[in-house]
Amino acid sequence: MKKDKLSIVIPAKNEEKRIARTLSLYGSYFDARKDQLDTEIIVVVNNSTDRTGSIVDEYAGKYPFIRKIETYYAAGKGGSVSLGFKEADGDYIGFVDADGAIPASELYKLYEFLDETPWLDGVTGVREKSSMKMSLKRRIISRFFNTHVRFLFKIPYTDTQCGAKIFKKAAAKSIAKKLSNTGWAFDVNLLLVAKYLNFRIMEFPVEWSEKEGSKFSMGEAFVQVPLELYSLKLLEISHTLNTAISGFLNKEPVSGIGTVSVEKGARNILIFSWRDIKNPEMGGSEVYVHEVAKRLAKNHNVTLFTSQSGNLSPQDEIDGVRIIRRGNFVTVYFWAFLHYILYLENETDFIIDVENGIPFFTTLYSKKPKLMILHHVHKNQWFKQFNPVIAIVGYIIESFIMPISYRKVPVVTVSPSSLQELKKIGFNDKRTYIAYNSIPPRIGTKFNESETPLMVYVGRVKAYKRLDIAINSLPYLIKQFSKVRMVIAGTGDDVDRLKLLAKKLKVEKYVEFLGFISEKKKWEILDKGWVFVMPSMKEGWGITIVEAAACGTPSVGFNVAGVRDSIKNGTTGLLSEDEQDFREKVQILIDNPKLREAMKQNSVKWAKMFSWETTARTFETIIDLYSGNKGLLSDKTYPWDLDLRTETLTSLASIK
């Protein structure tokens, strides 16, 4: 007879002081019952800065049914539970708090009650007051919260906040997709959604004991929670009105809060970008935009508005994407505004605003739904690349004005490091998505590794790339390896300075500057390289690092934003902390063929995890999500949902 499976989700953020005890007790309890019940315990570690994740790993080693889901996002308790529910595969799915206030035996009682009551869809714990000891602070907060819940919502539960609830699989999956609140009021949101989906939920008494270490403050209790509850009440009112109006008109109720969501289908998508793929100065950002745009063009009408460089025509079409070019790299922002107002506004359904230092500020002249692509926050790069006046203006716009102007706009970035930077300047986790770079298909045949040590770099040659660090390492490396060479392929305004530096160091015969090269030549260089060097001070992601990985060439870079995300340190390459460490890491890879071969194999596996199709699907999801209105019962997709489903994060453990 097939055993039932129970999935238990435990949300955990900075719980290193409490999670070990909880996992120990729950692990031993359900391990002793493995003959009667299959169990999985999913600990969702969200945005933790302590050892919570490591502790979960330790207990996962002891109890195979414990597994960890880790996200860089501050998903909140509700977001973590929802994420766990979506990933769980049990016949019954529930959650408990990380503090272990409710013993495993009590949760098992909830499961038994639900299993023995076929007509129920879920069961929620209710703490027995006769045996419950609660601190004065918690008692005040609890009474305040319950008073608001009883006043605002007609739901038949006396203890909505009890941290133990179990649902049958169908109910759990349906509810998890529709949670609007991911914070402290998510329990109420969960029960409210269950009510309107006609799920039958009952309360069942459980023993509970208060544990030290609660992160719930009085300020949150008396300010944030009421705001969350009133916001939830507005959604309920809108849903009720929508249902009533639809009933009066004898129509099917629309999803959301009373306005019809745009159906999935062909849309007119307008992309504003500084450069396009044919621009001589194009780089990784332009490749990213083009790869996404041409895939969107398979289902939508896509127009790219960009600057006009050199002899490029004002009108073009590339891979199904209509191209409009006006102005130079400065005036393109004015031309974008003018052309939109005069010609493009009426034919546009959705806008993608690409930020390259500064965005197009479409928020100021268009009310169309939109998203912004931002590869990374430039910060000090402004002062490395531009004169002081431009640098100060750019820094202020990007750090202060842009976050205010785009505070309600979804943002797509390309790495966990960039996500953290965006959070620091004020962007919200709930609207900041990660959609990783991938690589184009290779052109030409595969080449063998060079017979002699070869350091390679492919990309834009800019001051912030700090290729002078790689050149400065050559005198040291030449003493160790007399036949070492370096190839720099790409164009940019730092080429002349680097050539002078090579001449000054008397290593010019060891460095070859190739300038702009073909795709076929790029793959040949990456194939032949012993090590790909990336001494950049910051990257959005480091697409050329992944291209090198696809060729089996490990990289050496600095432990900085973007680079640390695209190099898996010790596995696909090495990260350095300073210039001396950089040249020593390059020496290690050149001098150790066994290590280089191991990294070669891992690098190829790593590169295969990234797909432009996955990235384009993320954009499709965001466009669908923000083209309509979100209501109480509409499906919700949060950034952590999409990030988790990328092969990049779910498969990392397979690379050793």
Side-chain angles (χ1 to χ4, degrees), residues 271-276 279-286 288-289 305-310 312 325-341 353-366 372-407 409 411 413-414 417-418 420-427 459-469 471 490-501 535-541 558 560-563:
I271 303 174
F272 289 109
S273 183
W274 188 14
R275 303 185 183 104
D276 70 283
N279 193 300
E281 294 288 319
M282 76 91 178
S285 175
E286 288 69 44
Y288 182 94
V289 171
F305 189 97
T306 186
S307 61
Q308 186 175 9
S309 175
L312 293 177
R325 300 186 181 100
R326 297 289 188 277
N328 58 34
F329 78 99
V330 175
T331 61
V332 65
Y333 295 94
F334 170 75
W335 278 107
F337 160 72
L338 191 63
H339 211 80
Y340 176 79
I341 296 299
D353 189 331
V354 183
E355 195 262 18
N356 281 288
I358 60 173
F360 282 79
F361 283 104
T362 54
T363 51
L364 301 180
Y365 55 84
S366 175
M372 178 172 66
I373 298 175
L374 192 153
H375 282 257
H376 62 97
V377 181
H378 293 75
K379 291 186 178 179
N380 294 333
Q381 282 181 254
W382 285 104
F383 301 94
K384 186 83 173 177
Q385 194 67 36
F386 299 99
N387 67 56
V389 175
I390 294 177
I392 291 172
V393 172
Y395 184 90
I396 292 173
I397 290 174
E398 187 180 53
S399 301
F400 302 103
I401 299 175
M402 179 187 70
I404 295 173
S405 182
Y406 286 81
R407 66 189 182 280
V409 175
V411 179
T413 192
V414 297
S417 290
S418 295
Q420 298 303 323
E421 290 179 343
L422 286 167
K423 288 163 63 174
K424 288 178 182 178
I425 62 173
F427 283 94
R460 283 191 285 178
V461 185
K462 295 284 189 179
Y464 76 88
K465 298 288 187 179
R466 302 193 301 186
L467 289 169
D468 52 318
I469 293 176
I471 294 175
T491 60
D493 54 20
D494 205 33
V495 172
D496 292 339
R497 184 181 72 88
L498 294 175
K499 287 182 177 179
L500 289 173
L501 175 63
S536 177
M537 66 188 298
K538 178 187 287 187
E539 293 292 315
W541 168 243
F558 280 79
V560 297
V563 177

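Worth saying up front: this structure is predicted, and the values here are computed from it rather than measured.
Using a 4.5 Å heavy-atom cutoff, the side chains of Y288 and V354 are not in contact. No side-chain heavy atom of W382 sits under 4.5 Å from any side-chain heavy atom of I397. Taking the side chain as every heavy atom from C-beta outward, S536 and V560 never approach each other to under 4.5 Å. Counting heavy atoms from C-beta on, the side chains of R497 and L500 never come closer than 4.5 Å. A 4.5 Å side-chain heavy-atom check between Y464 and D494 finds every atom pair outside the cut-off. Between S285 and N356, some side-chain heavy-atom pair lies under the 4.5 Å cut-off.
Distance check, rounded to the nearest 0.5 Å: CD of E286 to CZ of R275 gives 5.5 Å. Rounding to the nearest 0.5 Å places OG of S418 at 10.0 Å from CH2 of W541. One finds the OH atom of Y406 at 3.5 Å from the CG atom of D353 (value rounded to the nearest 0.5 Å). Between the CG atom of L422 and the OG atom of S417 there is a distance of 11.0 Å, given to the nearest 0.5 Å. Distance check, rounded to the nearest 0.5 Å: CD1 of I271 to CD1 of I373 gives 6.5 Å.
Tested against Y365 for a ring-ring contact (aromatic ring centres under 6.0 Å, His included), the candidates F360, F337, Y333 yield a single pass: F337. Of the residues E421, H375, H378, the one that meets the side chain to side chain donor-acceptor pair (under 3.5 Å) test with K538 is E421.
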Please step through side chain to side chain contact (heavy atoms under 4.5 Å, CB included) for the pair F558 and M537, ending with a clear verdict. CA-CA 7 Å; F558 280 79; M537 66 188 298; over 6 Å; no

With side chain to side chain contact (heavy atoms under 4.5 Å, CB included) as the criterion, how do V409 and T362 come out once you've worked through the C-alpha distance, each side chain's angles and the decisive distance to 0.1 Å? CA-CA 11 Å; V409 175; T362 54; over 6 Å; no

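In terms of modelled atom types and a separation under 3.5 Å, the side chain of R466 and the main chain of P535 share a donor-acceptor contact. With hydrogens and angles disregarded, no donor-acceptor distance shorter than 3.5 Å links the side chain of E398 to the backbone of M402. Looking at W274, its side chain does come within 3.5 Å of a backbone N or O of F329 through a donor-acceptor pair. Side-chain atoms of T306 never come within 3.5 Å of backbone atoms of R325 as a donor-acceptor pair (strictly under, hydrogens ignored). Between the T413 side chain and the L374 main chain, a donor and an acceptor come within less than 3.5 Å of each other. Listed for the E355 side chain is a donor-acceptor partner under 3.5 Å among the backbone atoms of G357.
Considering every non-hydrogen atom in both R460 and K465, the closest pair reads O-CG, 3.4 Å. When all heavy atoms are compared, the tightest approach of S399 to I425 is O-CB, 4.1 Å. Minimum interatomic distance between P280 and T491 (heavy atoms only, all atoms of both residues): O-OG1, 3.9 Å. The shortest heavy-atom contact between S309 and N279 is CB-ND2, 3.5 Å.
Every residue meeting the salt bridge (Lys or Arg N to Asp or Glu O under 4.0 Å) condition with K423, not counting sequence neighbours, appears here in chain and number order: D429. D493 is linked by a salt bridge (Lys or Arg N to Asp or Glu O under 4.0 Å) to K462, counting only residues two or more places apart in sequence or in another chain. Taking K379 as the reference, nothing meets the salt bridge (Lys or Arg N to Asp or Glu O under 4.0 Å) condition, with sequence neighbours excluded.
Using bins of under 30°, 30° to 60° and over 60° for the plane-to-plane angle, the ring pair F272/Y340 lands in the perpendicular bin. Using the six-membered ring where Trp is involved, Y395 and F383 have ring planes that are tilted, between 30° and 60° apart.
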